[in-house]
Amino acid sequence: MQFFIFLIVSIILVVASILVIVQRNPVVSALFLIAALCAQAILYLLLNATFLAVIQIIVYAGAIMVLFLFVIMLLNLRKDEFGFEKRKAQRFFGILFAILLLVELGVVIKIGLSKIPSTEFSLDPDFGGVQSIGKALFTDYLLPFELTSVLLLVAMVGAIVLAKKKL
Amino acid sequence: MSWLTPDINFKIISPELIILIVALLVLILEPLLKGRSKNILPHISWIGVALALVSVITLWNREELGFNQMFILDNFSCFFKIIFLSGTLLVILSSISYLKEEKIFHGEYFSLILFATFGMMLMASSLNLIVIFLGLEIMSLCLYILAGFRRYDLKSNESSMKYFLIGAFASGFLLYGIAMLYGATNSTNLKEILIFTQGFENPLFLFIGLGLILVGLGFKIASFPFHMWVPDVYEGAPTPITAFISSGPKAAGFSALLRILLFAFGSLHIDWSFVLWILAVLTMSFGNVIALSQTNIKRLLAYSSIAHAGYVLVALVAGGDSGISSAMFYLLAYTFMNIGAFIIIIFLGEKKVNLDDYSGLVTKYPILGITLALFMFSLAGFPPTSGFMAKFYVFSSAIKSGYTGLAIIGVLNSFVSVYYYLRVVVIMFMRAPVDEVQKVPIPFFLGLALLFSVWGTLHLGILPQSFLTLAQNSIFSPF
């Protein structure tokens, strides 16, 4: 049962991701990105990571996507800017490399499938919950957690430095 | 419920903390200070860097782990921190007059340089792939912004944008590689990956992950197929930032590569050394050959920096004790000679970047002409300079490990590079000066930075033993 859900959700995820990049209209591709992110959240649920799934939907599919749509709206693109020119050589090499990647993927799956461990893991009852994530963040992963704050500060400073009218 | 105490050890991250505190201090002081009092900001910054340098030296010869095995203090990381901090010191000292001339004297500039240094230092002393990634991101984000710091200049905007897009792409590769490694080994800790790779069976994921990490870090060190951003970014970025990008972040990328390849994947040396062999040859040859036809000195040094990354890759292929120590020595020597050469370009300003502008430089500014010639000789690898000793150690370590062919290709490549380095010298010495612009005195702090890099270049060339023993004492135990 779980496997079928996984299969369906993964197909949705892959198809939605492909649609994100092939759409000419940025608004439509942003909507497909929401679909892809929601499918990803379901994958998290299947892995028992309930908290991550909720955060994924609230933060990514909710807040960040709204920001994306706002930016697209503010850019005020004209009709011809929605599309792009295709070149013949580009298409040829694109198809060539795509086929190469596909073959590679096949090989990986063929070799890899046999090596997936089949043992059942016994999980902590609180696995994926708020408490265990909080514990991990503030004990084992304290350094990366604090470093992320520096990273965000740098990003904020950068946005101001590059975009403010008069420094 | 039991109390869990996180594993905090402030002592071993004290150099990083000093840099971080000074960066925040500069950021806070910037809006508080008005007018001329802002002039103290660069001085606060370089004093902070010097303090961090002192604290790194006091932590020498200690080995401690902290933060749940994520952070390691050892001589390897200390040596790299010395490289980063001296590079940062030189860049800050030489930026002061440049920023005033370009009218972009803002405190954020120094603060971002310090944040970038903070990121590099984390990369050098981390035992965990997550922390390496975060350090790399902190560093890169600062560099994207700094590359676009001349906001009114289109080329600077282009440089920042290109660097950001390609850098973000590279980070994606790196992160995907880390995810693959985690999938294969169930850990992001390099020690545990080392234990895993010593086992009998290595899954395919492991090699895919390693390949992706190589791609990600290859972008940062500008090795051959991932170098296309280098010339445009170097040309458009403010010159002090070009000097900064070409020394510190490159060394930081190499420090992470050394730890990942020679420590965690040391037992699989045969598997990856072949790939790196090809990369090293292509990187050296490509950089040197394209540099031959450059007429813009910033682009010329950009291609030269690609070639130098190739020489360091030779040391990585060689591996072992001598490979690691020669790579470290090379990066230290390269920091001094490369930033030294850039200091003169910084002084001449953003408008004089064509090689023709350098004709007769030596009659106008005898000291600058002679020092630039010294750095060019050093970059080309002539005997009494650090460039020669560095190349000598790298190639001899390659021969010691049995890669004679690679060493021969490297030496041939440095012959090719002599042409374009000496062309700069010939233009400076043999041609008559073109313009009659008023001679400007050399600013004090820029002169100080120049003196420091001349000292580094000559000291490492004439008396290399002291720094070489330092490098030899600071290798981590390779597998």
Side-chain angles (χ1 to χ4, degrees), chain A residues 17 21 40 43-44 47 52 97 100-101 103-119 121 124-126 129-167, chain B residues 1 3-9 13 16 20 23-24 27 30 66-71 103-109 111-112 115-116 118-119 122 126 128-135 137-146 148-149 151 157 160-161 164 183-184 186 188 201 203-205 208:
Chain A
S17 308
I21 49 173
Q40 214 180 336
L43 286 185
Y44 285 143
L47 292 170
L52 269 190
F97 283 114
L100 268 178
L101 267 180
V103 172
E104 229 174 277
L105 194 70
V107 174
V108 170
I109 289 172
K110 198 159 178 288
I111 301 170
L113 271 185
S114 57
K115 290 189 180 166
I116 292 173
S118 55
T119 43
F121 294 107
D124 196 34
D126 189 41
V130 187
Q131 206 177 26
S132 60
I133 286 181
K135 244 186 219 166
L137 275 186
F138 285 104
T139 55
D140 291 352
Y141 292 90
L142 181 72
L143 184 67
F145 181 70
E146 296 292 343
L147 288 180
T148 316
S149 66
V150 178
L151 186 65
L152 291 175
L153 176 69
V154 169
M156 277 195 297
V157 173
I160 292 168
V161 165
L162 289 181
K164 200 178 168 215
K165 267 212 177 104
K166 194 174 165 295
L167 267 181
Chain B
M1 186 187 152
W3 287 98
L4 297 161
T5 42
D7 181 14
I8 297 176
N9 188 343
I13 56 162
E16 282 84 354
L20 191 59
L24 292 172
L27 205 56
E30 152 74 27
F67 296 95
N68 188 34
Q69 304 221 331
M70 291 202 174
F71 193 92
K103 300 194 176 59
I104 46 171
F105 190 90
H106 304 297
E108 290 88 354
Y109 176 90
S111 171
L112 285 169
F115 277 124
F118 174 74
L122 280 167
S126 159
N128 196 305
L129 290 170
I130 296 176
V131 179
I132 289 181
F133 176 75
L134 277 171
E137 278 300 283
I138 294 174
M139 172 190 91
S140 310
L141 242 115
C142 294
L143 296 178
Y144 306 146
I145 303 155
L146 287 168
F149 214 80
R151 305 189 303 170
N157 297 350
S160 174
M161 200 65 203
F164 172 63
N186 196 20
T188 51
E201 204 180 348
L204 195 63
F205 286 148
I208 298 175

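Within every chain, numbering begins at 1; the chains are lettered A, B, ... in the order of the sequence lines, protein sequences first and strands thereafter. Source: prediction; values computed, not measured.
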Give, as side chain, backbone, both or neither, the part of [X] having an atom under 4.5 angstrom from any heavy atom of chain B.
| X | answer |
| --- | --- |
| A:Ala163 | backbone |
| A:Leu152 | neither |
| A:Leu142 | side chain |

**Message:** Working to the nearest 0.5 angstrom, can you tell me the gap between B:Leu20 CG and A:Glu146 CD?
**Reply:**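 One gets 10.5 Å once the value is rounded to the nearest 0.5 Å.
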
**Message:** Return the OG1 to CD distance between A:Thr148 and B:Glu137, rounded to the nearest 0.5 Å.
**Reply:**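 The distance works out to 11.0 Å.
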
Taking all non-hydrogen atoms of both residues, which atom of [X] and which atom of [Y] are closest, and how far apart?
| X | Y | value |
| --- | --- | --- |
| A:Val154 | B:Cys142 | CG1-SG, 3.5 Å |
| A:Pro144 | B:Leu134 | O-CD1, 3.3 Å |
| A:Ile160 | B:Arg151 | O-NH1, 4.5 Å |

Can you tell which part of [X] gets under 4.5 Å to a heavy atom of chain A, answering side chain, backbone, both or neither?
| X | value |
| --- | --- |
| B:Phe118 | side chain |
| B:Ile138 | both |
| B:Ile13 | neither |
| B:Leu146 | neither |
| B:Ile104 | neither |

